[in-house]
Amino acid sequence: MAHHRATPPPTPRLAFRQMTEGDLDDMAALLGDPTVMRYHPRPKSRQEALAWIDWNRRLHRQEGPFGPAGPHPRHTLGATGHMEGGSVRLTSCGSRCE
């Protein structure tokens, strides 16, 4: 039996949502980045990133909304980014980034 956890409410800077194939460009860049993937065997190809998204979507259906729900950055303080496995990659940075 799957243990379903509720999706956490959004914060001022972060909201959770299910990943889609529309996230492929961002996830391929993130999962293909050697710095982000330094603790993994190797960076992933674009096709492997798509498989990773599909895997997360299956987990979402099996485990509920917070199993594999990915954080979705909100545009605040001039910075946006993406998160995977605890790694955050800023994709845009305003004057508030250091």
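Each residue takes its place number in the sequence, starting with 1.
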| How long is the gap from NZ on K44 to CG on L50, to the nearest 0.5 Å? |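 The NZ atom of K44 sits 12.0 Å away from the CG atom of L50.
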| task | Any chance you could measure I53, atom CD1, to M19, atom CE, to the nearest 0.5 Å? | result |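 Separation between the atoms: 4.5 Å.
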| field | All side-chain hydrogen bond (donor to acceptor under 3.5 Å, both in side chains) counterparts of E48, not counting sequence neighbours | value |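 With sequence neighbours excluded, E48 shows a side-chain hydrogen bond (donor to acceptor under 3.5 Å, both in side chains) to R42, S45, given in chain and number order.
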| field | By side-chain hydrogen bond (donor to acceptor under 3.5 Å, both in side chains) - contacts of R38 (at least two apart) | value |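 With sequence neighbours excluded, R38 shows a side-chain hydrogen bond (donor to acceptor under 3.5 Å, both in side chains) to no residue whatsoever.
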| field | side-chain contact (heavy atoms from CB on, under 4.5 Å) involving T20 - partner list, sequence neighbours excluded | value |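 So T20 forms a side-chain contact (heavy atoms from CB on, under 4.5 Å) with D23.
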| side-chain contact (heavy atoms from CB on, under 4.5 Å) partners of D25, counting only residues at least two apart |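 Per chain and number, D25 pairs via side-chain contact (heavy atoms from CB on, under 4.5 Å) with R46.
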| message | If you compare all heavy atoms of P10 against all heavy atoms of A15, which two are closest, and at what distance to 0.1 Å? | response |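 So the minimum-distance heavy-atom pair works out to CB-CB, 4.0 Å.
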| query | How close do P34 and P43 get, heavy atom to heavy atom, and via which atoms? | reply |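 P34 and P43 have their closest heavy atoms at CA-CG, 3.8 Å.
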| message | Has D33 got a side-chain atom pairing as donor or acceptor with A29's backbone, closer than 3.5 angstrom? | response |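 The answer is no, because no donor-acceptor pair under 3.5 Å joins these two groups.
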| Taking side chain as C-beta onward, heavy atoms only, is V36 less than 4.5 Å from L31? |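 No; the side chains remain at least 4.5 Å from each other.
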